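The block underneath contains the structure these notes are about, expressed in structure tokens.
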Amino acid sequence: MSPSLWSRAATVAVLALAGLQFPQHAAAGGSVSSPTPNTCAGKFAYESAELTDAVLADIGAQDPASAPLLGFGDDPDSGSATRPPSGPACKVFPGDAAWPSTQLWNLFNTSLGGALIKTVPLAAPCYNNWPQRNAAECQYVTDHWADPHLHANDPASTQWPLFQGRTCLPTDDPTKNCTLGGYASYSVAVTKVSQIQLALNFARNTNIRLVVKNTGHDFADKSIGAGALSIWTHKLKDLRFFSDYRCKSYKGPAFQLGAGVETEEVYRAAELNGVTAVGGECRTVGIAGGYVAGGGHSPMTTLVGMGADQVISLQVVLPNGKFVTASEDSYPDLFWALRGGGGSTYGVVTSVVIKAYPKIPVTTMTFAFLNGPNVTLDTFWAGVGAYMSYFDRFTAAGAYGYFLVVGIGPGQYLFNFMPFWGGNMTAPQLTTLVSPFLTDLANLGIEVTPNITEYASFYRAFNGSFGPEQVGASVGHAGSRLFPRDNFAVPAKRNATLAAVRYAIEAGGVLVGYNIRPAANPAANQANAVNPAWRNSTGFFILGGPSLPATATDAEIAAAAKTLTTDWMKRWRDVSPGSGAYMSEGDINEPDFQQAFYGSYYQRLYALKKKYDPTGLFYAPTAVGSEDWYITGQIPYYPTQNGKLCRKP
Ligand SMILES: Cc1cc2nc3c(=O)[nH]c(=O)nc-3n(C[C@H](O)[C@H](O)[C@H](O)COP(=O)(O)OP(=O)(O)OC[C@H]3O[C@@H](n4cnc5c(N)ncnc54)[C@H](O)[C@@H]3O)c2cc1C
Ligand SMILES: *[C@@H]1O[C@H](CO)[C@@H](O)[C@H](O)[C@H]1NC(C)=O
Ligand SMILES: *[C@@H]1O[C@H](CO)[C@@H](O)[C@H](O)[C@H]1NC(C)=O
Ligand SMILES: *[C@@H]1O[C@H](CO)[C@@H](O)[C@H](O)[C@H]1NC(C)=O
Ligand SMILES: *[C@@H]1O[C@H](CO)[C@@H](O)[C@H](O)[C@H]1NC(C)=O
Ligand SMILES: *[C@@H]1O[C@H](CO)[C@@H](O)[C@H](O)[C@H]1NC(C)=O
Ligand SMILES: *[C@@H]1O[C@H](CO)[C@@H](O)[C@H](O)[C@H]1NC(C)=O
Ligand SMILES: *[C@@H]1O[C@H](CO)[C@@H](O)[C@H](O)[C@H]1NC(C)=O
Ligand SMILES: *[C@@H]1O[C@H](CO)[C@@H](O)[C@H](O)[C@H]1NC(C)=O
């Protein structure tokens, strides 16, 4: 260890031990606020323990050497956005001379109050080369690998181990070696804003890669990275309901959600308080993190708009380490970007205030059909096409459709509603809405037995309809496409769209489809960075790529990924020119991802990225500005986070 590093390290330790107790300093920094119900939200208790200039000045007075490690970055308006980036080409990586010593990590840990976790991969108990080797724990991880809770509850894991590099999957061969691969080196299990500020400052000042992990649901694994320090937001579970929130132009029910609150938690809270919240269809997706940042689609979207449209304000730690409120009149440009412009790009969101809606009844419908003796394959697809012909009518009525089209055996295909969702509809209303569609199916000779069930509330319908999700896929991945209304409303375009869909499914793809369109909602704030392609679409289709055995090699994975992107998805892009895809459930290999995921907003988002994060502290694959970076050692079409992160020359 170099002497200078030691002196810095010692400084941090002394300061930490001498009481780097941020709550005591927060009063001096001036931002402890006590929440006042039903006015613009204050902060949560964990947000009042702030690192401020005053605190840093206190520390600096005790030991000037602390500044290089803990100091804030430049202000966003300091002009650094216009300066060309300088410094080393790559982020400091484990094994590099500049990588912090174990002593320094320990001291950093002390300054964090002991919140630092050194990564032990979830499946480490399956391997002899880890001291955690334990057959029973290995069995548990193996049995639960497909359960999203397992990965959400772990600081480093991700729902999609594929882009981690598959270096530590559950196995029954303990003699294999488990390595960290694309998992972060260390995580901070944050419970206070001050820890996030310290971590951002530490990572920026030591030039270490930074990632932000909430639940790890993003399809491109935006929450992991080799050699990274990870901010793990999972423990920020505070949740507060305001029955009559009054802030700026809004008056009505609202929730304030900590960054770690998951969909099922807010739905349950909404049920208990007699209101309806906007969240995902999957139980474990985090709301304040990647969901709002990516746009966020919901069974409520066809009634009230996107998840991001519901946001009234956010609390956020900027890349320079400062903690601010983003709202209509505080950092309005950032407020715009944080609602749809992508996660892990402009800072770390610590909480969000979202609108809620009155309680509504929900009626669902399920049925399935197959081709077979009485239904030819052409007729099967005509049935799918018949559904598509109603996409516009159904979304206009506020309905949302969630369905699966998949091959289930040689030459045999299944269409399944999971379910058709009538938000704010009674059973008679839904029955009237769908009856022409059911008549069309009957006329085609497709027999179905619809199960129409009315529920008294959103939560009851959600609980009765959406089963546990399966994750953990380690060989395949998915792409997605937003199809404009005309793709289904104009017969010739519908035919072309159906042909492109049919091609992919008959080649072995899996369609997870949504009939969805964000409702125009004057009560929501829809002037945000949500991909404009969402606004005109009535179909959002996710396509799972070619199926592969678990034993597939990297080369086979790359070949399948290439087929997905350059053949199957290409046909989808070709029939929907100028539209886009959903960044949070997108293809990591999406060509021209800037246009596809951000549309016409990309240049504005990129300028804001430069303004708020001039040093490139935040990086995630396909995030705004990610084109300026690369990961070393990648093979085409199978990009992983297992490599050094370097700036493109
Ligand atoms: C099974 C499944 C079902 C899904 N269903 C839906 C659905 O119904 N609707 C929908 O819209 N999406 C859905 N998604 C996609 C999901 O919304 C996105 O993956 C979303 O990004 C998840 O956010 P997260 O914070 O939970 O996950 P993470 O993967 O942990 O984070 C996603 C991104 O946001 C960043 N991030 C997380 N927290 C913060 C924070 N506090 N501040 C700044 N950046 C942060 C991360 O760094 C990462 O870049 C689904 C995904 C899966 C796997
Ligand atoms: C950080 O400190 C806590 C409390 O002392 C300890 O449990 C944890 O293992 C430490 N983390 C690291 C990476 O050493
Ligand atoms: C695991 O790593 C050890 C030490 O690096 C090496 O000797 C051994 O061959 C490796 N085993 C396998 C299966 O790769
Ligand atoms: C096909 O139609 C015949 C005649 O209506 C009927 O008896 C038979 O059950 C049907 N088969 C299937 C698989 O639906
Ligand atoms: C539900 O329907 C009622 C009655 O038509 C309407 O007043 C209310 O605004 C609707 N709620 C939502 C969330 O669409
Ligand atoms: C219809 O669906 C509901 C909700 O899933 C279920 O409880 C009920 O058993 C189903 N009815 C039939 C006849 O399958
Ligand atoms: C949720 O679903 C479970 C199992 O289907 C059921 O036992 C439980 O009562 C449901 N809860 C609510 C609030 O509907
Ligand atoms: C669409 O396809 C159907 C069935 O293949 C065909 O009958 C119809 O003429 C086509 N319509 C248009 C507008 O291409
Ligand atoms: C949405 O549709 C409108 C009207 O058809 C069109 O003017 C607009 O350009 C479309 N927007 C996008 C992003 O496709």
Side-chain angles (χ1 to χ4, degrees), residues 146 148 151-152 157-160 190 196 210-225 228 230-234 236 257-264 267-268 271-272 278-301 306-308 314-317 338 342-352 364-367 400 402 419 449-457 459-473 478 480 512 514 516 530 534 540 542 582-586 618-623 626:
H151 305 280
S157 193
T158 169
Q159 313 281 344
W160 308 109
V190 298
I196 299 176
L210 180 96
V211 297
V212 185
K213 194 219 153 177
N214 186 18
T215 69
H217 270 292
D218 181 88
F219 276 28
D221 273 352
K222 294 193 183 99
S223 62
I224 63 170
S230 170
I231 311 266
W232 186 38
T233 58
H234 181 69
L236 299 177
L257 307 174
V261 174
E262 292 164 40
T263 290
E264 62 189 346
Y267 285 169
R268 213 176 291 129
E271 176 79 358
L272 288 172
V278 179
E281 140 276 304
C282 170
R283 290 164 184 269
T284 47
V285 163
I287 300 293
Y291 179 79
V292 155
H297 64 84
S298 172
M300 288 297 287
T301 289
M306 301 292 286
L314 310 98
Q315 293 298 128
V316 52
V317 183
L338 288 171
S344 195
T345 305
Y346 307 99
V348 181
V349 171
T350 60
S351 71
V352 63
T364 63
M365 173 177 71
T366 52
F367 67 72
Y400 157 96
Y402 180 42
T449 41
N451 177 340
I452 293 175
T453 304
E454 184 174 328
Y455 298 89
S457 71
Y459 182 70
R460 282 167 197 241
F462 173 79
N463 185 50
S465 300
F466 298 103
E469 306 268 345
Q470 299 273 305
V471 300
S480 71
V512 176
Y514 296 84
I516 186 170
V530 170
W534 267 109
F540 169 55
I542 296 173
Y582 182 34
M583 76 177 78
S584 295
E585 299 180 295
F618 288 83
Y619 164 89
T622 73
S626 59

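For clarity, every value in this text was computed on a predicted model and none was experimentally measured. Along the sequence shown, residues are numbered consecutively beginning with 1. Counting starts at 1 for both ligands and their atoms, following the listed order.
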Is the shortest distance from atom 11 (N) of ligand 7 to a protein heavy atom below 4.0 Å?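 Under 4.0 Å from atom 11 (N) of ligand 7, at least one protein heavy atom found.
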Heavy-atom protein neighbour under 4.0 angstrom from atom 14 (O) of ligand 6: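 Answer yes: something from the protein, a heavy atom, is under 4.0 Å.
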Among all protein heavy atoms, pick the one closest to [atom] and tell me residue, atom and distance.
| atom | result |
| --- | --- |
| atom 52 (C) of ligand 1 | His217 ND1, 3.3 Å |
| atom 4 (C) of ligand 6 | Tyr455 OH, 3.4 Å |
| atom 48 (C) of ligand 1 | Lys222 CB, 3.6 Å |
| atom 1 (C) of ligand 6 | Asn451 ND2, 1.5 Å |
| atom 18 (C) of ligand 1 | Ser584 CB, 3.6 Å |
| atom 8 (O) of ligand 1 | Glu281 N, 2.7 Å |
| atom 1 (C) of ligand 1 | Glu469 OE1, 3.4 Å |
| atom 38 (N) of ligand 1 | Gly289 CA, 3.3 Å |
| atom 3 (C) of ligand 1 | Cys282 CB, 3.1 Å |
| atom 9 (N) of ligand 1 | His297 O, 2.9 Å |
| atom 3 (C) of ligand 7 | Asn463 ND2, 3.5 Å |

Which ligand 1 atoms, with their elements, are less than 4.0 angstrom from a heavy-atom of [X]?
| X | result |
| --- | --- |
| Tyr582 | 10 (C), 11 (O), 12 (N) |
| Gly347 | 42 (N), 43 (C) |
| Gly296 | 11 (O) |
| Gly216 | 27 (O), 28 (P), 29 (O), 30 (O) |
| Phe219 | 51 (C), 52 (C), 53 (C) |

Interatomic spacing from [atom1] in [X] to [atom2] in [Y] - rounded to 0.5 Å:
| X | Y | atom1 | atom2 | answer |
| --- | --- | --- | --- | --- |
| Ile516 | Ser298 | CD1 | OG | 7.0 Å |
| Gln470 | Cys282 | CD | SG | 11.0 Å |
| Tyr402 | Ser465 | OH | OG | 11.5 Å |
| Asp218 | Thr158 | CG | OG1 | 8.0 Å |
| Arg268 | Phe462 | CZ | CZ | 9.5 Å |
| Thr622 | Met583 | OG1 | CE | 8.0 Å |

Is there a donor-acceptor pair under 3.5 Å between the side chain of Tyr267 and the backbone N or O of Gly280?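 Looks like yes, one N/O pair under 3.5 Å.
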Just checking, is any N or O donor in the side chain of Tyr514 or Glu281 under 3.5 Å from an acceptor N or O on the other one?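 Side chains of Tyr514 and Glu281: pair found under 3.5 Å.
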Can you find a side-chain donor-acceptor pair between Glu271 and Ser457 that sits under 3.5 Å?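 A donor-acceptor contact under 3.5 Å links the two side chains.
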How does Glu585 reach ligand 1, by side chain, by backbone, by both or by neither, if only non-hydrogen atoms under 4.0 Å count?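 Looking at Glu585 and ligand 1, just side chain atoms fall under 4.0 Å.
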Backbone or side chain, does any N or O of Arg460 fall under 3.5 Å from an N or O of ligand 7?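 Looking only at distances, the answer is no, because the N/O contact criterion of under 3.5 Å is not met.
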Quick test of your reading of the structure: of [options], whose heavy atom lies closest to [atom]?
| atom | options | value |
| --- | --- | --- |
| atom 26 (O) of ligand 1 | Thr215, Val317, Val278 | Thr215 |
| atom 39 (C) of ligand 1 | Thr158, Val471, Leu210, Val212 | Val212 |
| atom 17 (O) of ligand 1 | Val190, Val285, Ile196 | Val285 |

Polar atom proximity, [X] to ligand 1 (N or O, under 3.5 Å):
| X | result |
| --- | --- |
| Gly290 | yes |
| Asn214 | yes |
| Ser344 | yes |
| Asp218 | yes |

Can you name the closest pair of heavy atoms from [X] and [Y] and give their distance?
| X | Y | value |
| --- | --- | --- |
| Thr284 | Thr215 | O-CG2, 3.1 Å |
| Gly343 | Ala293 | N-CB, 3.4 Å |
| Ser626 | Ala620 | CB-O, 3.2 Å |
| Arg283 | Glu262 | O-CB, 4.0 Å |
| Phe219 | Ala478 | CE2-CB, 4.0 Å |
| Ala259 | Val349 | CB-O, 3.3 Å |

Hey, mind stepping through Gln159 and Glu469 against side-chain contact (heavy atoms from CB on, under 4.5 Å) and telling me if it holds? CA-CA 11 Å; Gln159 313 281 344; Glu469 306 268 345; over 6 Å; no
Which of the atoms of ligand 7 are close to Tyr459, meaning less than 4.0 Å from one of its heavy atoms?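 Atoms satisfying the 4.0 Å criterion: 13 (C).
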